[in-house]
Amino acid sequence: MTLRIGNASGFYGDRFDAMREMLTGGELDVLTGDYLAELTMLILGRDRLKDPGAGYARTFLRQLEECLGLAHERGVRIVANAGGLNASGLADRTRELADRLGLPVRVAHVEGDDLTGRYPGSLAAHAYLGGFGIAACLREGADVVVTGRVTDAALVTGPAAAHFGWGTTDYDRLAGAVVAGHVLECGTQATGGNYSFFQEGDVRRPGFPLAELHEDGTAVITKHPGTGGFVDVGTVTAQLLYETQGARYAGPDVTARLDTVRLTQDGPDRVRISGVRGEAPPPTLKVGLNRLGGFRNEVAFVLTGLDIEAKAALVREQMAPALAKAAEVRWDLVRTDRPDAGTEETASALLRLVVRDANQENVGRALSGAAVELALASYPGFHVLAPPGKGSPYGVFEDVYVPHGAVDHVAVLHDGRRLPVAPAQKTAVLDDPPAPSLPEPPPEGPTRRAPLGLIAGARSGDKGGNANIGVWARTDESWRWLAHTLTVDRLRELLPETADLTVTRHTLPHLRALNFVVEGILGEGVAAQHRFDPQAKALGEWLRSRHLDIPEGLL
């Protein structure tokens with residue numbers, strides 16, 4: 001008995017026609033959509049300030065306008081976290097849509113994640129719920145289930161638990177579904193999108209992934225026939241490492257042991273996931289807390305030709321009086337210029353100024369006026385990429401934790417009945433497992449200076465103010481070298497931005513992978529736009545571009 005679960009959205013704004021593609025491209029039992037991220041919750045919170053009836057992903061309704069009849073006709077159930085901050089509102093709108101289309105569709109939703117009232121000053125505070133509220137809705141016959149903030153993997157564990165009859169202590173089975181859900185959650189990142197070795201397949205329009213789940217918790221990741229992209233052990237490994245930390249991948253239903261995951265190629269565009277072990281979940285639930293942090297403004301000064309450093313020093317000195325009241329001022333000189341350049345653009349560097357303050361006036365007119373007034377009174381060739389604005393609000397994200405019993409997890413059925421969802425029966429404190437054994441180091445031999453990316457892939461991402469960099473080797477021989485070479489100290493040498501930060505290395509031998517967690521590199525989270533790459537999406541690719549002495553036999 002196989003349950004086929006597909007994904008049609010990895011974020012709010014993903015490919016609109018993916019829902020139709022997944023419904024028409026092949027057999028499915030359940031279609032999921034992941035619309036939420038830390039930044040999305042902030043965006044929806046600001047929407048709700050303007051309109052108390054808002055707070056959900058509006059594109060989901062537009063997709064259903066085209067596809068709800070198709071899903072009903074094919075018997076495909078839809079499960080999505082598009083409810084965001086207002087799952088009940090989205091459920092009502094979905095029922096209205098079904099009535100207007102003349103479809104006898106039963107719509108249910110999940111409540112209990114909203115804890116905003118407990119955190120004064122927060123714009124949105126939502127607990128990450130598990131999948132058993134979704135399971136309760138499906139067991140009672142729901143055709144469409146919308147949720148607010150659940151874990152991304154809950155969109156898969158919920159349908160799997162309902163279909164196979166799993167209980168709350170079926171940890172290995174639930175962990176297998178969590179791993180499959182984590183692979184599916186970012187859509188085409190599992191089918192060649194954003195992949196280090198993207199040139200090995202046609203990724204111009206990757207198809208969305210699906211998982212064939214089995215009752216024992218094993219799964220096969222694949223995609224509909226004829227769709228673009230590709231699925232292999234590498235694409236699945238990359239997504240498994242995305243936005244994770246240690247070997248224990250904790251959630252509200254189960255803690256999945258990533259160090260037990262086995263991946264095997266099961267045919268073209270098919271990767272089998274097996275061996276996943278699960279443990280009791282931790283005693284607390286994560287709560288994502290979003291608040292407005294103040295206002296920010298930004299100016300990028302273009303410095304062209306000779307004397308770049310002197311030009312930068314001049315404009316910094318000229319701007320200093322206008323920045324005196326700002327709480328935070330950050331200058332970054334990006335040396336994109338080249339000597340004797342053949343184009344003006346390649347002869348130019350960028351001097352980026354970012355200013356933050358609780359008072360909009362201190363980053364608005366004070367900054368923009370001072371920058372504009374330099375137009376005829378600063379370095380030769382003065383111009384900026386865009387005129388500065390009046391300052392825009394930015395958000396701050398942080399994690400807080402509450403006991404399982406602190407939330408009222410409820411499945412609200414199509415007929416209005418409310419089914420309470422019990423908290424986890426057992427919990428376990430989340431400790432790091434013993435360090436795994438490393439392979440024998442490779443023998444000494446000739447080396448060549450070359451980029452790390454010739455033999456290793458990487459994927460990086462954000463978790464609040466932290467970033468993770470997952471790095472994996474493609475062969476056993478490369479893994480022997482990587483495991484002993486890419487230490488925390490070596491990573492700090494290769495990525496100087498991490499030199500003064502706390503970096504933790506986690507080893508996953510079955511995946512031939514290392515996962516580095518870099519604390520604080522993203523400041524107060526993506527919405528605060530602390531650095532050039534605020535979500536650390538390209539941190540892994542920067543690492544792959546750095547040169548090391550690599551054994552010639554691996555190149």
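This is a predicted model, so every value here is computed, not measured. Computation of the quantities below employed the complete heavy-atom set of this structure, encompassing side-chain atoms and omitting hydrogens, waters and symmetry-equivalent molecules.
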Take F301 and Y379 through the ring-ring contact (aromatic ring centres under 6.0 Å, His included) test and state the conclusion after the steps. CA-CA 10 Å; F301 299 91; Y379 59 86; 7.1 Å; no

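- In terms of modelled atom types and a separation under 3.5 Å, the side chain of N81 and the main chain of Y35 share a donor-acceptor contact.
- With respect to L511, the side-chain contact (heavy atoms from CB on, under 4.5 Å) criterion is satisfied by exactly one of L263, V236, D259: L263.
- The minimum heavy-atom distance linking S9 with F208 is given by the pair N-CE2, 3.8 Å.
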Take D34 and L155 through the side chain to side chain contact (heavy atoms under 4.5 Å, CB included) test and state the conclusion after the steps. CA-CA 8 Å; D34 180 10; L155 301 176; 4.0 Å; yes

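- Heavy-atom contacts from other residues, nucleotides or ligands closer than 6.0 Å to CZ of R270 number more than 12.
- The side-chain contact (heavy atoms from CB on, under 4.5 Å) test with W472 singles out one residue from T237, V233, N515, L514, and that residue is T237.
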Are T244 and Y242 close enough, and set up right, to give a side chain to side chain contact (heavy atoms under 4.5 Å, CB included), and what steps lead you there? CA-CA 6 Å; T244 60; Y242 183 62; over 6 Å; no

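- The main-chain N or O of G520 is found under 3.5 Å from a side-chain atom of N466 such that the two form a donor-acceptor pair.
- With F516 as the aromatic partner, R492 does not meet the cation-pi criteria of under 6.0 angstrom to the ring centre and within 45 degrees of the ring axis.
- Looking at D307, its side chain never comes within 3.5 Å of a backbone N or O of K311 through a donor-acceptor pair.
- The backbone N or O of A538 lies less than 3.5 Å from no partner atom in the side chain of R459, so there is not a single donor-acceptor pair.
- Annotation: cation-pi geometry satisfied between R356 and Y394 (NZ/CZ under 6.0 angstrom from ring centroid, within 45° of ring axis).
- For T498 (side chain) and L501 (main-chain N/O), no donor-acceptor pair under 3.5 Å exists by modelled atom type.
- Taking every heavy atom of both residues into account, V396 and G293 meet most closely at CG2-CA, 3.7 Å.
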